[in-house]
Number of protein chains: 2
Amino acid sequence: MADKHELRDKGLRLTPQRELVLAAVRELGHSTPEEVAEKVRLTHPGINLSTVYRNLETLENVGLVQHTHLGHGGATYHAAEELTHLHLVCGKCEAVGDAPLDVAANFVNALSDEYGFKTDVSHFAIYGTCSNCQ
Amino acid sequence: MADKHELRDKGLRLTPQRELVLAAVRELGHSTPEEVAEKVRLTHPGINLSTVYRNLETLENVGLVQHTHLGHGGATYHAAEELTHLHLVCGKCEAVGDAPLDVAANFVNALSDEYGFKTDVSHFAIYGTCSNCQ
DNA sequence: ATAGTTTGTGCGAATTCTTCGCAACTCGCA
DNA sequence: TGCGAGTTGCGAAGAATTCGCACAAACTAT
């Protein structure tokens with residue numbers, strides 16, 4: 001398990017719970033802490049929701065996981081490797097679509113050049129109305 | 001008070017509380033429900049937080065107010081007239097900067113043309129790192 | 001392998017933010 | 001002026017997330 005280094009290098013331990021949380025995030029794609037907990041409980045029923053929250057935070061600090069705000073309030077998590085697209089959230093049907101990051105390349109560059117602002121387009125969703133709902 | 005029509009046309013009333021909430025949102029720029037309540041209480045101490053929440057929602061339905069997700073979870077509100085910029089949120093210093101909507105024009109058009117997705121860029125913040133924090 | 005140290009886990013309670021239920025109230029129209 | 005529907009206040013109910021603590025378990029150095 002290569003992830004072990006990321007953790008151990010910072011004095012953190014690779015516990016079964018932590019492995020399960022990471023595995024769940026990788027399998028689920030976007031998912032809320034609640035969904036991660038549910039997934040993990042399929043094979044390890046005793047895991048506590050607090051533990052999931054704590055591990056998501058820990059894994060995020062280590063850089064194995066990241067979170068995105070899709071709206072409504074709560075954050076959703078996904079594996080860091082998968083962060084190759086931006087999220088298009090439809091305000092009507094609530095669907096979350098994907099689009100490649102390079103659609104935003106010009107936009108990102110403009111903000112960088114004109115305002116010195118380094119944008120992470122995938123951290124927040126892009127809100128609007130999808131093609132099906134217009 | 002011209003706002004009266006927007007409300008009355010939908011069978012809604014212009015109560016003192018509602019006027020105060022709207023006035024507060026207009027004066028404050030971006031603000032959380034809590035901040036709106038605080039502002040309103042300066043002149044009308046008895047107003048209830050629930051009332052603020054309900055009125056923000058009502059005013060939003062009528063189109064006088066809109067909300068934006070700046071991150072952390074809660075929404076922030078501002079007058080509809082002021083929605084002429086997008087929000088640049090710095091992940092380090094938490095500062096919220098503004099940029100004119102047209103910086104995003106190409107991006108918005110690209111999403112529209114390529115994905116049929118009609119974007120409202122100002123609904124979600126644009127996340128990144130501001131020039132001061134790099 | 002084993003003991004010891006330190007981090008992690010489970011559990012329940014505490015917080016924070018937002019929504020609800022309901023009785024009393026009042027805005028707007030006749 | 002009076003009626004009826006939309007509103008308000010208040011307290012309670014919810015949902016989501018965080019905390020405190022005692023116990024358990026992972027890694028390190030024997």
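Lettering follows sequence order; numbering is per chain, from 1. Being a predicted model, the structure only gives us computed values, none of them experimental.
Rounded to whole Å, the distance from CG on A/Leu22 to C1' on C/dG8 is 16 Å. The NE2 atom of A/His67 sits 13 Å away from the C1' atom of D/dT17 (whole-angstrom rounding). The interatomic distance linking B/Arg41 (CZ) with D/dC10 (P) rounds to 10 Å, in whole Å. Taking atom CG of B/Leu14 as the reference point, atom C1' of D/dG6 lies 13 Å away to the nearest angstrom. In this structure, A/Tyr53 places its OH atom 17 Å from P of C/dG12, rounding to the nearest Å. In this structure, the CG atom of B/Leu49 is 15 Å from the C1' atom of D/dA12, given to the nearest Å. Atom CG of A/Leu20 and atom P of C/dG10 are 10 Å apart (whole Å). Put simply, CG on B/Asn55 is 15 Å from P on D/dG6, counting in whole angstrom units.
Residue B/Glu57 is the one, among B/Glu57 and B/Gln17, whose nearest nucleotide of DNA chain C lies closer to the 5' end (criterion: closest heavy atom). Checking A/Ile47 against B/Arg8, the closest nucleotide of DNA chain C that is more toward the 5' end is the one next to A/Ile47.
The existence of a salt bridge linking A/Glu81 and A/Arg26 is confirmed by a sub-4.0 Å separation between a basic side-chain nitrogen and an acidic carboxylate oxygen.
The side chain of B/Pro33 approaches C/dT18 more closely than any other nucleotide in the set D/dT18, C/dT18, C/dT19. Picking from C/dG10, D/dT7, D/dG9 the nucleotide with the shortest atom distance to the side chain of B/Thr51 gives D/dG9.
For D/dG11, the base has a donor-acceptor partner in the side chain of B/Ser50 [N/O atoms by modelled type, under 3.5 angstrom].
There is no side-chain donor-acceptor pair under 3.5 Å between A/Ser31 and A/Lys39.
Residue A/Arg54 places no side-chain N or O under 4.0 Å from the OP1 or OP2 atom of C/dG8. The side chain of B/Arg13 contributes no N or O atom lying less than 4.0 Å from OP1 or OP2 of D/dA5.
In this structure a side-chain-to-backbone donor-acceptor pair under 3.5 Å is missing from A/Glu27 to A/Ala24.
Across A/His78, A/His69, A/His67, A/His123, a single residue satisfies ring pair (Phe, Tyr, Trp, His ring centres under 6.0 Å) together with A/His87, and that is A/His78.
Residue contacts shown for B/Thr15 are limited to sugar-phosphate atoms, with no base heavy atom under 4.0 Å away.
Considering only heavy atoms from C-beta on, A/Arg41 comes within 4.5 Å of A/Leu49 through its side chain.
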